[in-house]
> 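Below is one structure. I have some questions about it.
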Amino acid sequence: MTAWLLRRLVQAAFVVLAMTVILFIGLHVIGNPIDILISPEADQADRARAIAALGLDQPLWRQYALFLWGMLHGDLGRSFVFHEPALQLIGERLPATLELAVSAVLLAIVIGIPLGLYAGLYPNSLLGRSAMAGSILGFSLPTFWVGLMLIMLFAVRLGWLPSTGRGQTALLFGIRWSFLTRDGLAHLAMPAFNLALGNIALVLRLVRSGVRETLPLDYVRFARAKGLRPARVVGVHVMKNIMIPVVTVLGLEFGGTIAFSVVTESIFAWPGMGKLIIDSINVLDRPVIVAYLMIIVLMFVAINLVVDLLYTFLDPRVRLEDRG
Amino acid sequence: MTTVLDVRGLSTHFTTRAGIVRAVDDISFSVARGQVLGLVGESGSGKSVTGFSILGLIDPPGRIAAGRVLFHGVDLVALEERELRRLRGNRIAMIFQDPMMTLNPVLRIDTQMIETVRAHARVSHAEARTRARDALGMVGIASPEERLSAYPHQFSGGMRQRVAIAIALLHRPDLIIADEPTTALDVTIQAQILAEMQTLSREHGTAMIWITHDLSVVAGLADAIAVMYAGRIVETGSVGDVLDRPLHPYTHGLIGSVPSRNRRGARLRQIPGLTPSLLNLPAGCAFRGRCARADAACASDPPATEIAAGHVLRCFHPQLEVVA
Amino acid sequence: PPAARAQTLRVGASAPVTSIDPHYHTYSPNVSLDAHIYEPLVDMDAASRPIPRLALSWKLVDNTVWEFHLRPGVKFHNGEDFTAADVAYTIDRIPRVKNSPGSYAIYTKAISSVEVVDPHTIRLHTKQVYPLLPIDLTQVYIIPHTLGADPATEDFNSGKDAIGTGPFRFVSYKSGDRIEMDRNDNYWGPKPDWQHVSYRMIPNDAARTAALLSGDVDFIEAVPTTDVARLSHDKKLHLAETVSLRIIFLWLDHRGMTPHVTGPNGEKLDHNPLTDLRVRQALSMAINRNAIVDRIMQGAAIPSGQFLPKGSFSYVPGLNPPAYDPAKARQLLAAAGYPKGFRIELDGPNDRYVNDGKIIQAVGQMWSRIGVQTAVNAITWPSFIGQANKGAFSAFLLGWGTSSGEASNPLRSLIATRTPAKGWGAVNRGFYSNPKVDELLTTALATADDAAREKLLQQATTLAMDDVAFIPLHNQKNIWAMRAGLTYAARADETSRAQEVHPAK
Amino acid sequence: MSGMAEIAPAAPETPLQRFVRDFTSNRLAVGALVVVLLIALAAIFAPWITPQNPYDLAQLDIMDGRLPPGASSAAGMTYWLGTDDQGRDMLSGIIYGLRISLIVGIGSALIAGVVGSTLGLVAAYAGGRVETAIMRLVDLQLSFPAILVALMILAFLGKGIGNVMIALVLVEWARYARTARGAALVERRREYIEAAECLALPRWRVLFRHLLPNCLPPLIVIGTIQIARAITLEATLSFLGLGVPITEPSLGLLIANGYQYMLSGQYWISFYPGLALLLTIMAINLVGDQLRDVLNPRQQR
Amino acid sequence: MSEAMISLRAVSRQFGRHQDAAGRLARRVSRAFGAGACPEIVRAVDGVDLDIAPGEVVGLVGESGCGKSTLGRMVAGILPPSSGAVLWQGQDRAGLAPEALRAARLAVQMIFQDPYASLNPRLRVDAIVGEAPLVHGKVERAGLAAYVDAQLRRAGLDPADKRRYPHQFSGGQRQRIGIARALAVQPSMLVCDEAVAALDVSIQAQILNLFMDLRAELGLTYLFISHDLGVVEHLSDRVAIMYLGRIVEQAAVAEIFARPNHPYTQALLSEVPRIEARKRRFSAIKGELPSPLAPPAGCHFHPRCAHAMAVCRDVAPPLREVAPGHRSACHLNG
Ligand SMILES: Nc1ncnc2c1ncn2[C@@H]1O[C@H](COP(=O)(O)OP(=O)(O)OP(=O)(O)O)[C@@H](O)[C@H]1O
Ligand SMILES: Nc1ncnc2c1ncn2[C@@H]1O[C@H](COP(=O)(O)OP(=O)(O)OP(=O)(O)O)[C@@H](O)[C@H]1O
Ligand SMILES: [Mg+2]
Ligand SMILES: [Mg+2]
């Protein structure tokens with residue numbers, strides 16, 4: 001067990017290393033943060049001083065070596081822009097994003113799965129057909145567009161929900177969360193739904209397709225022959241068999257939502273990580289980008305690990321022996 | 001003797017692109033309390049479909065085209081799905097032919113057994129588990145307690161078959177439809193199971209439809225035999241009638257093909273010709289293409305005629321000589 | 001409760017603040033926020049003219065010595081008195097702020113030494129004659145010397161060291177989200193109307209407008225030009241606008257060879273047509289500035305022929321943009337030897353200035369119509385600016401905000417011949433060089449007398465513009481929107497100040 | 001349906017005929033296919049059918065900008081769907097934009113699908129180090145934001161529609177890989193794979209002919225959705241100047257451009273391109289849904 | 001026995017707990033959710049030696065779950081043994097070069113016990129049967145359709161149904177598809193795992209005749225796994241009896257049926273149902289069924305054995321020759 005976890009850990013370390021190398025080279029090629037950050041009125045000396053202050057005067061390999069050295073000491077550097085430890089910056093924003101991502105995935109599960117089941121069981125019913133057609137709306141309209149429409153409708157027209165921001169927060173485990181207060185929940189509703197829309201569609205369609213594949217199989221028929229209630233036949237016998245792609249996709253979407261919910265976050269002025277990374281990319285704030293992507297890559301490694309474990313949970317035939 | 005099941009003029013058709021497959025075509029038979037009906041016949045002649053039809057488990061593109069299935073006088077074909085569900089697994093149990101595909105691959109054996117118990121009896125989980133374990137023991141699975149928490153793919157073919165049998169036995173049903181239940185069992189285990197079945201039949205009055213190719217088992221177990229060919233029952237009668245005094249040329253051929261009736265190592269006797277595809281059956285007697293005695297009369301449908309008491313035949317040219 | 005609400009002003013800002021440390025990063029969103037908490041010696045009024053703030057008055061006592069008389073009775077938020085020591089401390093700190101990506105030292109580097117005369121008099125010595133010092137000091141926010149040696153930027157962000165003399169005191173900062181501030185009840189000047197200010201960052205244009213429409217904020221800056229028409233018709237809202245000091249212009253490459261100009265059929269040219277004045281005039285003349293202002297900017301700009309808008313120091317009266325005249329432009333091209341025009345790539349950012357991408361497309365249309373086949377290429381700022389600095393473009397759009405409010409600043413940074421040692425022409429990305437302009441500028445910068453300096457600057461400006469050093473397009477307007485019942489004196493320097501938002505009388 | 005029984009078992013159909021017949025059994029899907037074809041035709045023949053070349057700056061005039069649907073230009077041309085802020089005829093713009101969006105969207109989704117699914121299947125089938133390598137690469141890839149990838153591609157390879165597609169493929173392949181692997185992990189344990197191996201079939205054959213078709217249903221779902229995502233992602237990248245040139249807007253870019261005018265009531269600038277996109281995606285999905293049903297032998301007869 | 005076509009040398013195969021950590025973790029979590037213990041290691045096949053000569057038909061009979069299918073899979077090269085070696089024509093198959101391995105694999109075909117699970121649900125019958133011969137060049141593309149038809153007909157299927165999918169067939173028809181598939185690649189050895197169990201006797205007769213013809217014509221070798229002792233007796237040259245992972249008796253067919261030596265073999269033969277017997281009373285197993293999870297020490301059969309002695313509980317009896325070519329593992333022979 002420990003050996004296996006260790007192996008995964010070593011692999012994760014390699015992935016992180018690979019990522020940092022790519023980032024150092026890539027960002028170097030994209031441009032020089034000084035060009036963006038420094039006041040255009042600065043003279044050569046100011047410029048040189050700023051470059052030195054950020055350590056950009058060193059050859060790239062040295063910058064990388066310094067970074068590695070820092071990393072070994074738990075220091076991922078400070079943001080060029082904010083002059084705060086990159087990790088701290090990310091840490092401040094992480095709960096907001098996490099909250100948003102979890103809500104979005106939960107919404108996708110509670111709405112997508114039942115609707116998908118229904119559409120699979122009764123493919124020709126009105127609800128089933130509308131769910132399928134409606135789900136197309138969920139992913140073919142750009143997120144920013146839908147987000148704005150939601151704001152126009154629920155905040156401006158109807159005035160039911162606040163338009164932007166995170167609202168009141170309450171403390172839990174020393175972290176501020178919105179979902180604990182009414183106001184916070186009201187602020188959370190629209191962005192979460194906006195983010196969930198695509199995922200709902202995806203889950204719905206996967207479930208429906210799975211149900212259609214599975215329903216005619218012998219073991220479903222046998223389950224019926226045992227006199228089980230349809231809820232159990234569908235909810236257990238069918239569901240458990242079709243969950244692997246759904247879980248895969250949910251894992252991907254969850255990770256993706258945490259990492260890149262940029263559009264939604266900026267439309268709803270949600271102070272999450274997605275905005276941070278985009279802002280950082282825009283000014284080539286390397287320490288933040290590197291630290292951020294390191295966290296994200298570790299998160300994906302972890303999520304995918306959990307998903308892999310879920311596979312063995314869902315289907316005993318999946319064996320992960322010798323699987324990374 | 002009370003009639004448990006009375007099938008009248010049952011027809012089940014599958015609509016396919018190439019045409020209608022009349023898998024079951026106007027068959028009638030009945031089974032009384034404590035009685036065992038052996039259903040034998042050509043592979044692909046509609047035995048399994050008959051079983052599914054009785055339980056109302058025919059899925060599109062198949063459908064019951066005609067006929068009635070009276071269970072204790074109630075027509076199952078007309079019964080509502082809810083009512084039917086109460087009977088399935090409880091008063092009528094079916095053992096499916098393909099053990100690999102009938103058990104849900106992702107659910108543990110205990111889950112699949114316990115849910116069957118609890119679908120029809122209000123018992124605690126622990127109680128249900130005990131019953132499941134006992135049933136496993138009854139069908140000759142060693143260390144049932146440990147085996148309960150295994151998954152189907154960890155079982156051998158015969159063990160899976162026994163699980164299916166055990167599930168059928170859980171509720172001491174009035175009627176068991178056993179579709180090739182012991183093909184994958186060695187004779188000592190087979191004997192064990194047949195003994196259990198006999199006990200059940202004797203003590204509980206369970207009626208059975210025993211679909212099999214193993215004529216020797218039917219000979220030892222059944223009270224009556226129905227022989228199917230190409231969707232029709234071509235001969236019915238008591239075991240003695242059919243096995244010792246078969247009249248239909250197909251029954252003759254069948255019995256003649258049993259290896260033990262042939263010299264070791266020699267070519268086995270076989271019925272000449274090829275089983276016709278149900279798609280392009282000739283008009284009239286379906287067997288006439290392979291029948292030595294066929295003549296022009298056979299181009300029309302032979303009616304079911306009662307040759308002797310309880311010995312019904314569909315043939316213009318019964319073959320009276322005794323099989324070798 | 002409505003009463004409490006009336007006491008609170010919720011501001012929708014358009015860009016994230018990166019730090020509460022007023023000396024960390026020369027970045028306009030920061031400056032905008034800092035003006036709530038801290039104060040400089042000299043401030044700018046709405047039209048960007050210097051006015052006294054913490055200094056009551058200032059004068060040149062010697063060619064290289066400025067004397068400032070400080071306002072007495074001013075207290076910092078922590079109760080300490082404001083004195084000359086604080087000014088000296090601030091000037092001393094600025095060059096030493098750690099890791100500053102854009103140091104405020106550019107505003108203090110002219111100062112060679114600081115002389116505290118008495119608690120309310122301070123003298124600043126410069127190496128050379130430096131008339132711009134008061135203007136530079138408008139960017140220098142004073143912090144108390146009791147913060148000790150080298151206070152850390154984090155301590156400002158946490159609020160510990162966020163202490164100024166401004167009308168509001170810092171309460172909290174949630175990175176990327178909002179800053180909360182309370183009224184400074186001990187403020188020396190007129191008390192703000194707001195007990196509390198919630199300064200929210202809503203960078204997305206549509207979202208910011210929507211937040212105002214839904215009543216989630218009271219006051220927003222940088223109203224998108226697309227929404228101006230609609231908002232101005234809304235009875236529940238009120239708009240305030242003024243011409244900004246920011247000019248949008250096109251750079252043309254003045255080097256002998258240029259990367260993205262080819263002949264009319266795509267053939268390589270052995271010279272750069274843009275070095276020919278007639279070509280530059282033609283390109284400028286071909287642009288219908290009124291159309292751009294009207295159709296693209298939806299009126300939120302004014303066509304421009306020089307660096308600064310009317311009313312600014314060193315504005316040249318009568319120096320207007322050339323009239324739109326495509327026919328004449330064609331003639332000029334033909335005269336310059338390009339009767340069939342040529343091909344050019346017009347580059348620009350598309351996420352930096354208001355409607356930047358659309359403007360270059362429109363210019364592309366107009367140039368195409370005089371036979372200059374224009375390929376328009378808009379890219380995101382980080383890539384764009386890097387390439388622009390490398391001289392990778394032939395013609396490209398940029399903007400320039402003259403924070404000092406006088407032409408010396410753009411002349412020195414944009415137009416003067418590139419001289420890294422002096423810091424001249426630092427962003428002269430068109431590689432323009434005109435010795436006459438340089439000479440005039442040198443003289444102007446050594447002229448302490450405002451009237452004489454203004455003359456020199458006007459001459460230099462006229463010279464550069466007549467030579468089409470770059471093609472000015474327009475000056476943007478700064479537009480604020482607020483709920484009806486509020487007023488705001490729109491500021492040319494783009495900053496949003498809660499203390500200057502008042503309930504309508 | 002029962003009418004078919006009367007059809008004598010005629011000459012056996014070719015697989016293609018059968019496929020066509022199966023597909024055409026759903027009228028909605030046929031309608032959708034027609035729409036897809038029409039859209040494709042319109043896109044292909046755009047230069048011949050549009051009233052204006054919306055990519056030729058010399059043909060545009062900002063004085064015609066933001067005209068409502070039905071308005072006419074000074075030159076007398078009618079803008080049936082109005083114009084955008086550059087004075088671009090929306091109808092022409094949409095047809096041209098479709099061209100780019102379809103090429104980029106479908107092209108990149110297809111390439112990413114093929115590459116990703118293959119890698120995912122190989123990972124599941126081969127196991128061991130191969131799988132570890134591929135899956136860690138997936139982890140790595142998943143964590144790169146699209147914009148960063150696009151910026152890097154731009155920096156390394158420069159601009160161009162091909163590079164946009166490379167960026168999109170790079171961003172998207174990992175999803176397919178994980179989905180394919182997830183499905184394949186189960187399927188590869190099934191007995192028919194053993195049977196295929198027993199027949200000593202080449203590995204690639206087992207992979208693509210036996211494993212792949214059984215892993216296909218979720219992949220088709222992802223694929224059809226991914227086309228939509230690719231189109232929107234391309235729009236986002238183009239919007240940031242990392243994609244197609246802004247003077248040659250794709251459908252997504254048209255929407256993104258017009259989006260700013262939603263609040264000011266000039267709805268048509270983003271509404272019609274949005275509608276076109278919706279219609280396209282809907283049609284593609286309906287076709288995809290039907291395809292999935294047709295390819296499912298259980299639904300066949 | 002260098003002339004053996006395939007020989008098993010102390011081949012074992014175990015399943016179960018020896019899984020990876022992920023599986024263990026998953027299981028541990030699921031246990032936390034209230035499920036009982038999970039199966040321990042199953043020694044499905046335990047040190048089996050077996051030689052099959054070219055052209056020979058070896059019947060493999062045994063209790064259900066004793067490891068016959070597992071053994072068959074190892075012979076067919078689908079499942080690698082946990083220990084021991086499978087020799088193909090005298091060479092360890094694990095050490096063969098890829099090309100040779102491919103040929104060796106192709107030469108041994110398996111007919112699976114579970115017909116449906118072993119058919120690809122997304123391929124039509126003609127593809128299932130025709131793919132491998134085409135790939136391996138056993139037939140030209142032009143002749144493929146005719147070839148497939150012939151294979152189907154030979155297995156007793158009407159070629160008219162060849163464009164159908166597996167789920168559209170009955171159990172017996174599926175099994176015949178499997179037979180046709182295996183035969184279509186013209187193997188030199190067949191592992192028939194309950195190959196005829198789902199067939200009615202007349203078709204069974206047809207298939208068995210086919211097997212015998214193939215043997216006569218092409219010298220095909222068979223490992224014939226079956227519960228139907230009648231079929232085994234009819235077809236086999238030699239019979240091996242398995243019990244709980246071990247071969248307990250091996251002899252020529254006539255010898256076994258005439259003089260069964262091992263008590264399990266004797267029990268088997270006595271339970272064979274006869275078509276002549278009417279309405280007989282079947283009898284339950286006496287004694288305790290041993291579990292492969294915790295196989296009893298010594299002779300695996302002793303809990304059910306009427307002749308069990310003290311030694312049977314402790315010492316596993318080795319296979320001993322009791323007559324020429326007849327070997328049995330029972331202490332009674334000792
Ligand atoms: N879904 C279906 N579509 C078309 N034909 C079908 C379908 N299911 C079964 N059939 C046909 O119906 C006929 C009867 O099948 P059934 O399974 O009842 O046979 P069986 O008597 O049980 O045979 P076996 O002994 O081989 O199991 C077969 O010819 C089969 O091809
Ligand atoms: N994948 C597996 N995981 C765990 N145990 C397994 C697995 N496959 C088989 N077994 C176990 O191995 C033993 C032998 O199985 P095998 O399928 O070889 O039996 P068999 O002799 O073919 O039985 P049958 O006649 O019933 O088909 C059984 O106890 C079974 O539970
Ligand atoms: Mg059957
Ligand atoms: Mg087996």
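Proteins get letters first, then strands, A, B, ... in listed order; numbering begins at 1 in each.
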> Under 4.5 Å heavy-atom distance to chain D, tell me which part of A:I244 shows up: side chain, backbone, both or neither.
side chain
> Does the pair A:I25 and D:F156 meet the rule for a side-chain contact (heavy atoms from CB on, under 4.5 Å), with working shown?
CA-CA 10 Å; A:I25 297 174; D:F156 281 109; 4.1 Å; yes
> So, do D:N214 and A:E213 sit near enough that their side-chain heavy atoms are less than 4.5 Å apart?
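Counting from C-beta outward, D:N214 and A:E213 never come under 4.5 Å.
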> Between D:L233, D:V186, D:T232, D:T179, which shows the greatest number of heavy-atom pairs under 4.5 Å with chain A?
D:V186
> Between D:P145, D:A183, D:A228, which has the largest tally of heavy atom pairs under 4.5 Å with chain A?
D:P145
> Taking side chain as everything from C-beta outward and backbone as N, CA, C, O, which of these in A:M149 sits under 4.5 Å from a heavy atom of chain D? Side chain, backbone, both or neither.
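Just its side chain gets close to chain D.
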> Side-chain contact test, heavy atoms from C-beta onward, threshold under 4.5 Å: evaluate it for A:D308 versus D:R181 and give yes or no.
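Contact flag for A:D308/D:R181 side chains = yes.
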> What are the two closest non-hydrogen atoms of A:S209 and D:V221, and how far apart are they?
CB-CG2, 3.9 Å
> Can you tell me how far CZ of D:R136 sits from CZ of A:F300, rounded to the nearest 0.5 angstrom?
13.0 Å
> Heavy-atom distances under 4.5 Å only: say whether A:M294 touches chain D with side chain, backbone, both or neither.
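Neither part, no heavy atoms under 4.5 Å.
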> With a 4.5 angstrom heavy-atom cut-off, could you sort out which part of A:L23 is near chain D: side chain, backbone, both or neither?
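Interface part for A:L23: both.
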> If every non-hydrogen atom of A:V29 is compared with every non-hydrogen atom of D:A155, which pair is closest and at what distance?
CG1-CB, 3.5 Å
> What option among A:V307, A:V297, A:V247 has the most heavy-atom pairs under 4.5 Å with chain D?
A:V297
> Under a 4.5 Å heavy-atom cutoff, which of A:I242, A:I30, A:I296 has the most pairs with chain D?
A:I30
> State plainly whether the residues D:R229 and A:E253 are in salt-bridge range, i.e. N to O under 4.0 Å.
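Looking at D:R229 and A:E253, the cut-off is met.
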> Counting only heavy atoms closer than 4.5 Å, note whether A:L27 contacts chain D via side chain, backbone, both or neither.
both
> Which bit of A:I295 comes within less than 4.5 Å of chain D, counting heavy atoms only: side chain, backbone, both or neither?
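No part of A:I295 comes within 4.5 Å of chain D.
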> Could you tell me which portion of D:M152 (side chain, backbone, both or neither) has an atom closer than 4.5 angstrom to a non-hydrogen atom of chain A?
both
> Distance from D:L185 atom CG to A:Y311 atom OH, nearest 0.5 Å?
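The OH atom of A:Y311 is 6.5 Å from CG of D:L185, to the nearest 0.5 Å.
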> Between A:I22, A:I277, A:V249, which has the largest tally of heavy atom pairs under 4.5 Å with chain D?
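Ranked by heavy-atom pairs under 4.5 Å with chain D, first place is A:I22.
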> Rounded to the nearest 0.5 Å, how far apart are CD1 of A:I289 and CZ of D:F144?
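Here the interatomic distance stands at 10.0 Å.
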> Please look at A:M19 and chain D and tell me whether the side chain, the backbone, both or neither of the residue comes under 4.5 angstrom of a heavy atom of that chain.
both
> Counting heavy-atom pairs under 4.5 Å to chain D, which of A:T248, A:L137, A:T143 comes out on top?
A:T248
> In terms of heavy-atom proximity below 4.5 Å to chain A, should D:A133 be classed as side chain, backbone, both, or neither?
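No part of D:A133 comes within 4.5 Å of chain A.
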> Rounded to the nearest 0.5 Å, how far does OG1 of D:T132 lie from CZ of A:F14?
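Separation between the atoms: 12.5 Å.
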> Determine the option with the most heavy-atom pairs under 4.5 angstrom with chain A, choosing from D:I225, D:L140, D:L148.
D:I225
> In a check of side-chain contact (heavy atoms from CB on, under 4.5 Å) between D:L142 and each of A:N304, A:I303, A:V301, which one passes?
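Result: among A:N304, A:I303, A:V301, A:N304 is the only option passing the side-chain contact (heavy atoms from CB on, under 4.5 Å) with D:L142.
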> Atom CG in D:N285, atom CZ in A:R205: separation rounded to 0.5 Å?
4.5 Å
> With rounding to the nearest 0.5 Å, note down the distance linking CG in D:D139 to CD in A:Q11.
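Taking CG in D:D139 and CD in A:Q11, the distance rounds to 9.0 Å.
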